[in-house]
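Before any comments, here is the structure.
FYI, side chains are in, hydrogens and waters are out, and symmetry mates aren't considered; it's all heavy atoms of this structure. Order of the sequence lines sets the chain letters (A, B, ...), proteins ahead of strands, with each chain counted from 1.
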Amino acid sequence: MPILTATDLVKTYPEEERPALDHVNLTIEPGEFVTIVGPSGSGKSTLLHLLGGVDRPTSGQVQLYDTDLYQLNETQLAIFRRRQVGLIYQFFNLIPSLTVAENITLPSELDGKPVSEGQLALMLDQLGLTAKRNALPAQLSGGQQQRVAIGRALINEPAIVLADEPTGNLDQHNSQEIMRLLHYANVKQGQTVIVITHDPQVAAQAQRVMTMTDGHLTEGR
Amino acid sequence: MSILTKLGWRQLRVERGRTLLTIAAMTLAATLAVATLVGLRSLQDSMYQYQLSSTGGMAVAFPATAAQTVAKLSASPLLTKTQQYADEGTIKVDHTKTNDITGAIHLTAVTPATKPALKSMLASGRLPQAADEVLLADVLVTAQRKLGSTIQVKSAGHTHQYRVVGTTNVYASSFIPTGGVLRITPHLPGRRITLLAALKNPATGKADMVSLTKAHDLPVSQLRLANQALKVMWGAGDTKARTTQIIIVLVMLAVIGAVALIMIYTSINLAVQARRQRYGLLRTIGTTPQQIRLLVVQESLLLVLPALLLGGVIGIGGLALALQWMNRVLAGNELPVILYLHVDWLPLVGAALFMVLVTLLAAARPARRASRVTPIEAIRALNPSPRLTARKLRPTWLIRHLHQPMLKLGAIFDRRDTRRGTMLVLLTVTVALFIGLTSFVGNFWRVFESPASADVIATLLGQGDQTKQLKRTLAKVTGIKRQLIVRTTSVMIKSGKETGNDLTLYVVPEAQLARDFGGQPTLLNTKVFYETAKGRQYYAWQINPKTNRRLHLVNGFEAKKAGQWIAPQYMALSKAPGFKGMLYPDGLAGLVISLTQFHQWAGKLGMKDADLTSEVAVKLSPKSQHTAVIKALRSQFGRAQIADVVADNQQSEAIITVVRLTAWAFIALLSLVCLATVINHTFANLTASRRSLAMLQSIGTTPKQVLTMQQGQYSLLLVQGWLLGSLLGIGLSALLFRVMAGAYSNAHFVWPGVQILVALAALMIVWLGFGFATWRMLNHQNIDELVRSSD
Ligand SMILES: Nc1ncnc2c1ncn2[C@@H]1O[C@H](COP(=O)(O)OP(=O)(O)O)[C@@H](O)[C@H]1O
Ligand SMILES: [Mg+2]
C-alpha cells in the first residue's frame with residue numbers, strides 16, 4: 001500500500017490565471033527516496049507544501065495511507081504535521097530566541113512528549129552539533145542552521161520527510177553533509193524522503209527522480 | 001513550565017523594549033483603575049466623615065430608653081463608638097425672658113464622650129470641666145444670664161446652681177438637643193437615656209438600625225439617622241441615590257475600560273502582528289491553533305500582572321499625594337472638608353478583576369488572529385507585502401506636489417501603510433476624548449461656580465453720603481484686593497421694550513465717570529437666561545441694546561413726576577472698569593451716572609440726594625479676611641446690612657472644589673493613558689519597520705534622509721489625527737453640553753480653543769520624541785544582519 005497518494009491535485013493561487021499545479025497525480029511507496037527537479041517557478045514548492053499539509057489545494061486529494069489530509073480540521077492537520085511530517089526549507093526558519101537544543105526538541109515538546117536526554121544527545125551527535133547545543137541560531141553557520149532544521153524535522157521520527165531545496169544556500173561540503181543525514185534517515189530509519197533540488201549531484205543520488213514543468217509532474221528526468 | 005510558556009517568557013525578554021513599553025502602558029491603565037476606584041471610595045468616606053462632623057461621628061440616635069436596654073444595644077457588633085445623653089426633664093431657669101423661647105426648656109445630661117459633638121455646637125466660651133458648669137443655648141442668653149454668670153435651675157423639685165461657661169448654637173445639626181441647658185457627667189441619671197452610635201457598616205445602616213431597634217422593642221418611629229451621611233454610603237435605603245452613584249461609577253469604569261481596552265488591544269495586536277512569521281512557523285511544526293491562542297493570552301496575562309502591582313502602588317501613592325495636595329488647597333481656602341485616603345480590599349480586588357477582564361477581552365481578537373496564521377505564510381512570505389488596491393498605488397495630490405525626494409517617499413509610505421488606519425483612529429479618539437471631556441467639565445462647573453462677585457457687600461440704608469467714612473474704615477483693614485464704593489438708588493424703566501424693569505442707578509464722582517466711561521451715562525448690561533413658551537432656553541442681554549436706544553426712567557414711588565429720557569451707551573458688566581466682578585453678573589442691569597447728572601435729573605425723578613444709599617463691595621485676598629472686614633464695618637456702621645458672600649459660598653465651594661480637582665485628575669490620567677497608547681503604537685511601528693529601513697540604508701540612504709522621510713510620514717498622520725480629533729472633540733463637548741444644558745439653565749458653551757492647542761502641543765512633543773527615537777535606532781542598527789535574516 002502506498003504511503004502517500006496525490007490524486008488530481010490542482011492549486012490555483014488567487015489572482016493568478018494559470019494553475020501552479022495542474023492535475024498532478026503521484027504515488028509514493030513507504031521507504032522510497034524521491035527527488036523532484038524542475039525549473040524555478042514550475043510548482044515544486046507548491047506540491048511539497050500540499051503533500052506536507054501546510055497549504056490547501058484548490059481541488060484534488062492527498063492521502064496518507066487511508067487518511068484524506070484535507071478532510072481534517074486545522075487542529076487535526078496540525079497534529080498530523082507534528083507527528084507524521086518533517087519539513088525542511090531552503091531558509092532555515094529557526095526561532096532565533098531558542099537554543100539549538102530547544103529548536104530541535106520543539107515539536108516533541110509541543111506534543112507533550114519531552115525528548116529524553118539520551119535521544120537528544122544521539123540526535124546532536126548525528127547532526128554534529130553537540131558542541132553547539134546551547135548556541136543561538138545567530139551564532140551558527142548556514143550549514144549548521146540547516147542541520148538544526150533537519151534535527152527538528154526528524155526528532156519526532158515522522159513517516160515522511162519533505163525537504164525543499166535544503167542545500168540551495170549551502171556549499172558543496174555542507175550539501176553533502178545534509179544529504180548524508182537524509183539518506184541516513186531513509187536507510188537506517190526507514191523514513192520516506194522527498195527532496196526538491198536544483199542540484200544534479202543531489203538528484204543523482206536518488207532511486208527515483210521526477211520532473212516538474214509548468215505545473216505538470218512527469219516520471220524521470 | 002511548558003515549552004510554550006517558556007517561549008512566551010523568552011519572547012518577552014528578547015523584545016525587552018516593547019515589553020517594558022507595554023507594561024508601562026498597562027501600568028498607566030491599572031493606575032487609572034486603582035486610583036479611580038480607591039479615589040471614589042476615599043471620596044465617599046471623606047464625604048461621610050464630613051457629613052458626620054456636626055454629630056461628632058455619630059450616625060444614629062436610638063429612641064430614649066432605660067439604662068439596661070442601652071447597655072444591651074451598646075453591645076451590638078453593628079455599632080462602633082457610642083455616646084449617651086439623658087433628658088432630665090423640663091426646668092425653670094430664673095429671670096426667664098420667655099418671649100423668645102417657645103415650649104419648655106430641657107436640662108440634658110451628656111457623657112464626656114460627646115465632647116467632639118459639643119465642640120461643633122459651641123457658639124462661644126468653652127466646654128464644661130467641673131460638675132457645676134453648663135452650656136446654655138444662645139437664644140436663652142439675656143443681659144443677666146450670659147457667659148460667666150451663675151444660674152439657678154429647678155428640676156424635679158430640687159434647685160441647683162450652675163455656672164455658664166459656654167453657649168451653644170441652636171441651629172447646630174446634632175443629635176444632642178441644643179435648645180436648653182447641657183451638663184456633662186459620666187453617670188447619667190433617669191430612665192430616658194438616648195444612645196448615639198457610629199456604625200460599623202454604614203452601607204446597610206438604615207436596615208440594620210431599624211431591625212436592631214425592633215429587636216429591642218423600641219419604637220422605630222423615634223429612631224433618628226444621619227440620613228445625609230448614610231446616603232453617601234448608600235445606607236439610607238434611598239435606592240435612587242444609590243442607583244445614580246452606581247451609574248456614575250459604571251460610566252467612569254466604562255470610559256476607563258474603553259481606553260484601557262484600546263490600549264491593551266493595540267499593544268497585544270502589535271506584538272502579534274510583529275510575530276506572524278513566528279506563529280506561522282510554530283504552525284508548520286504542528287502547534288495547534290488553540291495552543292497559539294493560549295500562548296498569546298498567556299503572554300498578555302504575564303504582562304498585566306506586574307502592571308497591576310505597579311499600578312496599585314503608583315495609584316495609591318499618587319492618590320495619597322493628590323489628597324494631601326487637595327487638602328492643602330481646601331485648607332488654604334478655609335473650606336471645611338478633609339479628604340481621607342481609604343484603602344480597603346473591595347476597590348483593589350475590583351480594579352484587579354477589571355484589569356484582568358479587560359486584558360482577556362483585549363487579547364481575544366489578536367489571539368484568534370494569531371491562531372489563524374497559516375503555516376504557508378511563514379514558509380512563503382518572508383516579507384509579506386501588504387495588500388494594496390490600485391487606488392492606493394496611484395499618487396495623491398500631495399505626492400505629486402512634493403519635490404523633496406525623502407518627503408515624497410514618506411508621503412508614499414504613509415499612503416500605503418496598512419497600519420495607518422488603526423493609528424489614525426487611535427489618535428483621533430485620544431484627541432477627541434481629551435478635548436471633549438476637558439471642555440465639557442470646564443463648562444460643567446462653570447455652572448456651579450458661584451458667580452464672580454465681591455466677597456463682602458455692605459449697604460448703609462438712609463445714612464446719607466458715607467463714602468468717605470467707608471473709605472477710611474477699609475483703609476484700616478488688610479487683605480483688600482479691590483473695592484467699589486458707590487452711591488445707589490433704584491429707578492424704573494417706563495417705556496421702551498423693557499418696560500417695568502428695575503434699574504439700579506450707580507452714582508459715581510464726576511472724575512470717575514469721565515475716566516472709566518468717557519463721561520457718558522453707561523448701562524451695564526448682563527446676559528441672562530430666558531425660556532420660551534415652548535421651553536427652549538436661550539441666553540441674551542437683559543436689556544436689548546438695539547430695541548432700547550432710548551429709555552424713559554421714572555421713580556417707581558412718584559407716579560406723578562415726568563421722569564427722565566436718556567440714551568445711554570451700553571457696556572457689558574463683565575467689561576466695566578471698577579464694576580466687573582464686584583456685582584452679581586446675572587443680577588439686574590445698572591446705570592452708571594455722575595453725581596452732577598443725578599442732581600440734574602433729581603427733580604424730574606422726584607428724588608433727592610438723601611435717597612442715595614452708600615454701598616461698598618470688596619474683594620479679598622486671602623478670603624479669610626472676611627471676618628475682619630465685617631467686624632470693622634460693624635463697629636463703624638452698626639446698622640449696615642452686610643452680606644458675607646464668603647461664608648455663604650463656603651460649603652458649596654468645598655464640594656465643588658473637591659469634585660473639580662477629582663475630575664481634573666481623572667481626565668489628566670485618562671489623557672495620559674491615551675497618549676501612552678499612541679506612543680506605544682508609534683514605537684511598535686518603528687520597530688516593525690526596522691528591516692525595511694535597514695534595506696533603505698543598505699542601498700545608500702543616509703540616516704538623515706531616512707529621518708526626514710519618517711518624520712514627514714509621521715507628521716501627515718499626526719496632523720490628520722489632530723484635525724479629526726479636534727472636530728470630534730468639539731462635537732463631543734457640544735453633545736454633552738446639550739445634555740447638561742437641559743438640566744442647568746445658566747450653562748453656556750465655551751469653545752475649547754485652549755484644549756485644541758494643548759493637544760497640538762502634546763502631539764508635537766510626541767513627534768519630537770519619535771524623531772529622536774528614530775535617529776537613535778538608525779544609528780545603532782546592524783544593517784547587514786537585518787537584511788540577511790529571514791525572521
Ligand atoms: N502565494 C502565492 N501567490 C501567488 N502565486 C504564487 C504564490 N506562491 C507561488 N506562486 C506562484 O506559483 C508558481 C509556482 O511556484 P513554486 O511552487 O514556488 O515554484 P518552484 O518552487 O518550483 O520554484 C509560480 O509561478 C509562483 O509565482
Ligand atoms: Mg521553490
Side-chain angles (χ1 to χ4, degrees), chain A residues 11 13-15 20 45-46 48-50 52-56 73-99 102-115 136-138 142 145 149 152-153 155-156 158 162 164 169, chain B residues 1-16 18-19 274-295 299 368 370-383 385 387-390 691 782 784-786 788-791:
Chain A
K11 174 74 186 183
Y13 286 104
E15 291 154 36
S45 297
T46 306
L48 200 78
H49 295 154
L50 290 179
V54 289
D55 203 0
R56 286 179 183 266
N73 67 25
E74 273 305 309
T75 305
Q76 290 165 329
L77 201 59
I79 292 170
F80 158 78
R81 279 200 300 272
R82 191 193 289 167
R83 301 198 179 141
Q84 308 288 355
V85 183
L87 268 167
I88 301 158
Y89 314 100
Q90 180 176 358
F91 297 103
F92 320 112
N93 268 313
L94 301 177
I95 295 184
S97 55
L98 294 185
T99 63
E102 284 169 338
N103 261 297
I104 291 175
T105 55
L106 192 53
S108 328
E109 296 275 359
L110 285 173
D111 227 1
K113 292 185 302 192
V115 177
L136 287 172
Q145 289 190 37
R152 190 179 65 191
I155 193 75
N156 268 355
L162 303 173
D164 192 349
N169 273 351
Chain B
M1 203 170 8
S2 88
I3 184 73
L4 283 180
T5 316
K6 207 161 159 188
L7 192 59
W9 260 122
R10 204 66 71 79
Q11 197 65 40
L12 294 178
R13 280 199 2 227
V14 168
E15 299 171 359
R16 204 166 61 222
R18 160 175 291 152
T19 303
R275 296 181 203 148
R276 282 186 80 81
Q277 196 115 17
R278 175 74 39 82
Y279 296 129
L281 181 57
L282 284 171
R283 296 274 288 118
T284 63
I285 56 173
T287 314
T288 64
Q290 283 76 7
Q291 283 175 315
I292 302 259
R293 201 183 284 203
L294 193 69
L295 180 69
E299 268 184 35
R368 205 167 52 239
S371 74
R372 286 208 190 123
V373 172
T374 58
I376 202 75
E377 255 180 84
I379 305 163
R380 285 282 193 190
L382 286 174
N383 256 324
S385 50
R387 280 183 181 282
L388 290 172
T389 57
R691 178 119 36 99
N782 184 341
D784 179 62
E785 188 188 306
L786 280 167
R788 266 208 302 189
S789 72
S790 61
D791 190 271

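Contact annotation for B:Thr374: neither backbone nor side-chain heavy atoms come within less than 4.5 Å of a heavy atom of chain A. Neither the backbone nor the side chain of A:Gln76 comes within contact range of chain B; no heavy atom of the residue lies under 4.5 Å from a heavy atom of that chain.
When side chains are defined from C-beta on, B:Arg283 counts as touching B:Pro289, because their heavy atoms get closer than 4.5 Å. Considering only heavy atoms from C-beta on, A:Asp55 stays 4.5 Å or farther from B:Pro375 through its side chain. Side-chain atoms of A:Pro107 and A:Arg152, non-hydrogen and from C-beta on, do get closer than 4.5 Å to each other.
Ranked by heavy-atom pairs under 4.5 Å with chain B, the first of A:Asn156, A:Leu106, A:Ile79 is A:Leu106.
Side-chain atoms of A:Tyr13 and A:Thr46 include a donor-acceptor pair closer than 3.5 Å.
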